[in-house]
Engineer: 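I have a structure here, written as structure tokens, and I will follow up with some questions on it.
By convention in this document, chain letters (A, B, ...) are assigned in the order of the sequence lines, proteins followed by strands, and residues within each chain are numbered from 1.
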Amino acid sequence: MNARVKDVLGLLARLILGGVLIYAGAVKVGKPLTSQRAVQAYDVLPYDLAGWVGLILPFAEIVLGLLLVLGLFTRLAAAISALLMTIFIVGIAQAWARGLTIDCGCFGGGGQVTAGETAYPQEIARDLGLVLCGAWLWWRPTSIASLDRVLFGASKEN
Amino acid sequence: MGKSSRPARKQGPVNDRQAKIQAAAASTSKGPNKIVIGTVVAVLAVIAIVVGAIWQQNSKTDSITDGGKAVPAGTSMGAGFTAYADATLKAGAPTLDVFEDFQCPACKLFEDQMGPTVASLAREGKIKAVYHIKTFLDDNLGNDSSMRAGIGALCAADAGKFEAFHDATYAGQPAKEGEGWTDAQLHAFAQGAGITGTALTTWDECTKAKKYQNYLSDLEEVTFKAGVKSTPTLKLNGTVLDLNTLVDSTGKAYDPAKFTAAITAATK
């Protein structure tokens, strides 16, 4: 694979991961209670702390998504995003393993659902794909049409 | 770099200080400084996240403290509302706690198929029916209809018409979840519940003042913390009654006979 192809792949990874993050954050804005309860439904963090995570998460997702789409500090943003997705996978997996019946609340909604409505394998598979996008960009953050390149030059690893 | 004992490289920086000077010179000559931009972006990101979270928290707090702080007669903060309170409870009659959100389609399904059975058992004093009106769907659906309908039901309770308003509102639930109700629709439910004349005027004032908003917001939080995470939820003498055990052989509809049997079994 030559560098040009890798640069284009980098752009794709940025747009997919960044786009999903922006969308996931945006649909939660203005729905604080739903967002808080989605986190509380995982039953991992203490109630109040989970509430704050629920309030903060949408905006953190949007900020990370914007950085990725713009290609600014790509490596750092990708590493944090991949870490975030990994945490989501762990959260979903523990809910599955403990027999909780929740919606992941990834794109709004969330909370308890009936046993037949859970979608743990699909949710984990999707997040794994997003981890791969983040991992690629962490390994090779350079890509075309990025602010990193405009601001800091093509040769620099960001 | 960083170890002063390291020998100087040929034509390289002689020491740390010199290296820093060179680095600074290099960065200014190559356009934007990455550290400066990085700091600005990091600060903006933190501000966006913190301001956003606080704004969300405030909008939530407003909806809780805004409006009336009255507590419906016959109950207290965090406790449900006992319907059919004028019925004489039979000895050993169990308590049925019903957790519902007026906008919840599954609650309408339950009310359509089981509501009449619950009502007749309660009227006969065979159960104590306690309604916990939940309002969490407002946040999710982006409206305030669960809260307005809930306040409407409690204002109807002031006129002794809680049950009739409750039933009229479920009967009038929009086919599409999230459409909610206009004030005029809720007013019509109150009329349909038999509230007339000065009582209707009082109902209008009560709902306009959102008299029971604080009670309902608190109840939503209290019931969620107590583990009621979806609606409808039923508790019989404090134990969750699995609704899946109440469906008929097709698995698609509730079987009132099974419900009655569960009530009989719980009667001491």
Side-chain angles (χ1 to χ4, degrees), chain A residues 25-38 40-43 47-48 50-67 70 72-73 75-77 80 100-103 105 108-117 147-148 150-153 155-158, chain B residues 26-27 29-64 99 106 134-143 146-147 217 220-221 223-231 233 240 242-244 251:
Chain A
V27 294
K28 293 179 194 126
V29 171
K31 299 182 174 179
L33 183 69
T34 307
S35 182
Q36 288 184 308
R37 294 209 170 161
Q40 283 156 348
Y42 283 83
D43 193 24
Y47 186 83
D48 289 329
W52 279 106
V53 170
L55 290 178
I56 289 167
L57 200 54
F59 299 98
E61 287 176 329
I62 292 171
V63 166
L64 284 172
L66 282 175
L67 288 176
L70 294 173
L72 185 58
F73 300 105
R75 172 170 265 175
L76 182 63
I80 297 173
L100 304 183
T101 54
I102 62 170
D103 178 285
Q112 194 161 313
V113 295
T114 63
E117 287 175 333
L147 272 184
D148 280 338
V150 172
L151 292 172
F152 311 123
S155 60
K156 267 194 172 177
E157 288 281 312
N158 295 299
Chain B
S27 68
S29 66
K30 276 187 191 169
N33 184 311
K34 198 168 178 182
I35 294 168
V36 171
I37 295 177
T39 308
V40 170
V41 170
V43 168
L44 286 177
V46 169
I47 289 175
I49 292 168
V50 169
V51 169
I54 291 172
W55 165 68
Q56 295 245 86
Q57 174 63 25
N58 285 347
S59 70
K60 200 173 148 244
T61 311
D62 285 349
S63 78
I64 290 171
F99 302 81
K134 290 180 64 71
T135 49
F136 68 106
L137 285 177
D138 280 349
D139 183 88
N140 197 16
L141 298 173
N143 64 28
S146 295
M147 178 57 81
S217 295
E220 174 55 51
E221 189 78 2
T223 51
F224 181 81
K225 274 190 179 172
V228 179
K229 293 180 177 172
S230 62
T231 53
T233 293
V240 173
D242 185 356
L243 292 172
N244 290 320

Engineer: Heavy-atom distance under 4.5 Å between the side chains of Phe59(A) and Val51(B), does that happen here?
Structural biologist: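 In short, these two side chains do not touch, never coming nearer than 4.5 Å.
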Engineer: Minimum heavy-atom separation for Gly30(A) and Gln56(B), please, with both atom names.
Structural biologist: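 Scanning both residues, the minimum pair turns out to be N-OE1, 2.9 Å.
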Engineer: First locate atom OG of Ser230(B), then atom CG of Asp103(A), and finally report the distance between them rounded to the nearest 0.5 Å.
Structural biologist: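 One gets 12.5 Å once the value is rounded to the nearest 0.5 Å.
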Engineer: For Leu67(A), which atoms come within 4.5 Å of any heavy atom of chain B: side chain, backbone, both, or neither?
Structural biologist: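 Only the side chain of Leu67(A) comes within 4.5 Å of chain B.
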Engineer: Could you state the interatomic distance from CG (Leu55(A)) to CD1 (Ile49(B)), rounded to the nearest 0.5 Å?
Structural biologist: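 These two atoms lie 12.5 Å from each other.
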Engineer: Quick check against the 3.5 Å criterion: does Lys31(A) have a side-chain atom that pairs as donor or acceptor with the backbone of Asp139(B)?
Structural biologist: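 No, Lys31(A) side chain to Asp139(B) backbone: no donor-acceptor pair under 3.5 Å.
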Engineer: Between Leu57(A) and chain B, which part of the residue has a heavy atom less than 4.5 Å away: side chain, backbone, both or neither?
Structural biologist: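 It is neither, since no heavy atom gets under 4.5 Å.
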Engineer: Calculate, to the nearest 0.5 Å, the distance between atoms CZ and CZ belonging to Arg37(A) and Phe136(B) respectively.
Structural biologist: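 Spacing of CZ (Arg37(A)) from CZ (Phe136(B)) equals 7.5 Å.
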Engineer: Check whether Ile37(B) gets within reach of chain A through its side chain, its backbone, both or neither, counting any heavy atom under 4.5 Å.
Structural biologist: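 When you check distances to chain A, atoms from both the backbone and side chain of Ile37(B) fall under 4.5 Å.
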Engineer: Kindly compute the distance separating CD1 (Ile56(A)) from CD1 (Ile54(B)), expressed to the nearest 0.5 Å.
Structural biologist: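 The CD1 atom of Ile56(A) sits 9.0 Å away from the CD1 atom of Ile54(B).
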Engineer: Please classify the contact of Val29(A) with chain B as side chain, backbone, both or neither, using a heavy-atom distance under 4.5 Å.
Structural biologist: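 Answer is both: backbone and side chain atoms of Val29(A) are under 4.5 Å from chain B.
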Engineer: As an exercise: rank Pro32(A), Gly111(A), Ala60(A) by heavy-atom pairs under 4.5 Å with chain B and give me the winner.
Structural biologist: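 Of the candidates given, the most pairs with chain B belong to Pro32(A).
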Engineer: What's the shortest heavy-atom distance between Val63(A) and Ala45(B), and which atoms?
Structural biologist: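 Answer, listing the atom of Val63(A) first, then Ala45(B): CG1-CB, 3.5 Å.
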Engineer: Can you tell me how far CD of Glu221(B) sits from CD of Gln36(A), rounded to the nearest 0.5 angstrom?
Structural biologist: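 Output value for this atom pair is 7.5 Å.
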Engineer: Find out whether Gln40(A) and Lys225(B) are in side-chain contact, i.e. whether some heavy atom of one side chain is under 4.5 Å from a heavy atom of the other.
Structural biologist: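 Gln40(A) does not reach Lys225(B) side chain to side chain.
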Engineer: In Å, rounded to the nearest 0.5 Å, how long is the span from NZ of Lys34(B) to CZ of Phe73(A)?
Structural biologist: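 Those atoms lie 6.5 Å apart.
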